[in-house]
Amino acid sequence: MRKTTAAVSLVVAAGLLTGCGGGAAESPGGGAAGTPGASPTAGKPEGSGEGRAKGGDTSYEVTIEVGGTGSTMVMYSLDDSKTETVTLPWKKTATITPVGAEKEVGRLVIVTPGTVSDGNGMLTAASCTITVNGEKVADNGNGKIPKPCSYKLK
């Protein structure tokens, strides 16, 4: 019963956060305030034009990862939005070029990991990380922070 309740709660919370924009205050770097590992310069290509797509538009190589062992359900919004059951550890990479209004307001990347069993048989959130252009910009403290990983590309 506890497993079912935890899984349903996680799915509902992730759905609400995804559908409502999360409601978190935005920090100057584009990540949500309080997001561990969010850097004010993360996601902004520097120097010789790396990360630039045709026409001068900025593109980002974004990797989302969920750690642990076994399998779990993962909800994510990257180049598309999906919910799927995956075998851990799991990783997905996409190149994202913001278009239209996304250039001004940003584009949210989010990964909501399901639960995994810890060494004592208790359910805990799986770890998640988001990496943009090789720099880790968000994580959930190895599953110790019971929140999804999110970052706004801008």
Side-chain angles (χ1 to χ4, degrees), residues 1-46 50-51 58-98 102 105-154:
M1 179 70 178
R2 191 178 340 171
K3 289 180 183 180
T4 303
T5 303
V8 169
S9 297
L10 184 63
V11 169
V12 169
L16 289 173
L17 288 173
T18 302
C20 298
E26 188 175 313
S27 68
T35 302
S39 164
T41 59
K44 296 180 183 175
E46 298 178 13
E50 281 185 17
T58 301
S59 63
Y60 305 94
E61 183 177 290
V62 181
T63 301
I64 56 176
E65 297 180 72
V66 177
T69 57
S71 64
T72 191
M73 184 173 285
V74 175
M75 294 174 36
Y76 63 90
S77 177
L78 188 59
D79 53 347
D80 57 354
S81 295
K82 282 191 175 177
T83 300
E84 55 187 272
T85 300
V86 299
T87 302
L88 300 176
W90 175 82
K91 177 193 284 192
K92 182 171 174 100
T93 301
T95 300
I96 298 176
T97 304
E102 293 175 339
V105 298
R107 178 170 176 173
L108 184 64
V109 174
I110 187 167
V111 59
T112 305
T115 56
V116 293
S117 182
D118 68 7
N120 298 324
M122 298 295 292
L123 288 177
T124 184
S127 65
C128 64
T129 60
I130 299 175
T131 306
V132 177
N133 294 340
E135 182 179 345
K136 183 165 78 169
V137 295
D139 68 27
N140 68 350
N142 269 345
K144 290 179 178 53
I145 302 169
K147 292 184 178 181
C149 294
S150 64
Y151 184 75
K152 187 182 285 189
L153 299 172
K154 200 167 182 181

>> Go through it in stages, so that I can follow the logic: the residues are V116 and T124, the test is side chain to side chain contact (heavy atoms under 4.5 Å, CB included), and I'd like the CA-CA distance, side-chain angles, deciding distance and then a yes or no.
In response: CA-CA 6 Å; V116 293; T124 184; 4.1 Å; yes
> Taking it one step at a time, do V132 and V137 satisfy side chain to side chain contact (heavy atoms under 4.5 Å, CB included)?
Replying inline: CA-CA 7 Å; V132 177; V137 295; 3.7 Å; yes
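Here the closest non-hydrogen pair linking T58 and P98 is O-CD, 3.3 Å. Between I130 and V109, the closest heavy-atom pair is CD1-O, 3.7 Å.
Considering only residues two or more places apart in sequence or on other chains, T93 meets the side chain to side chain donor-acceptor pair (under 3.5 Å) condition with T63. Take E61 and apply the salt bridge (Lys or Arg N to Asp or Glu O under 4.0 Å) test, not counting sequence neighbours, and it matches no residue. With sequence neighbours excluded, no residue forms a side-chain contact (heavy atoms from CB on, under 4.5 Å) with S117. Annotation: side-chain contact (heavy atoms from CB on, under 4.5 Å) contacts of K92 (sequence neighbours excluded): I64, Y76, L78, D79, D80, W90.
Counting only distance, with no hydrogens or angles, the side chain of N120 and the backbone of M122 share no donor-acceptor pair below 3.5 Å. Side chain of T72 to main chain of T115: a donor-acceptor pair is present (N/O by atom type, distance under 3.5 Å, no hydrogens or angles).
Screening residues 118-150 for ring pair (Phe, Tyr, Trp, His ring centres under 6.0 Å), with sequence neighbours left out, gives no hits. Pairs of residues two or more places apart, or lying in two chains, never qualify as salt bridge (Lys or Arg N to Asp or Glu O under 4.0 Å) while including a residue from residues 110-121.
Of the inter-residue distances, the one linking K152 atom NZ with R107 atom CZ reads 13.0 Å to the nearest 0.5 angstrom. Here the CG atom belonging to D139 is positioned 8.5 Å from the OG atom belonging to S127, to the nearest 0.5 angstrom. Taking NZ from K136 and OG1 from T131, the interatomic distance works out to 7.5 Å, rounded to the nearest 0.5 Å. In this structure, SG on C128 lies 9.0 Å from CD1 on I145, to the nearest 0.5 angstrom. The distance from atom OH of Y60 to atom CD1 of I96, rounded to the nearest 0.5 Å, is 10.0 Å. Residue I110 holds its CD1 atom at 9.0 Å from SG of C149, rounded to the nearest 0.5 Å.
Using a 4.5 Å heavy-atom threshold, the side chains of V74 and T83 count as separate. Using a 4.5 Å heavy-atom threshold, the side chains of P113 and N140 count as touching. When side chains are defined from C-beta on, L108 counts as touching S150, because their heavy atoms get closer than 4.5 Å.
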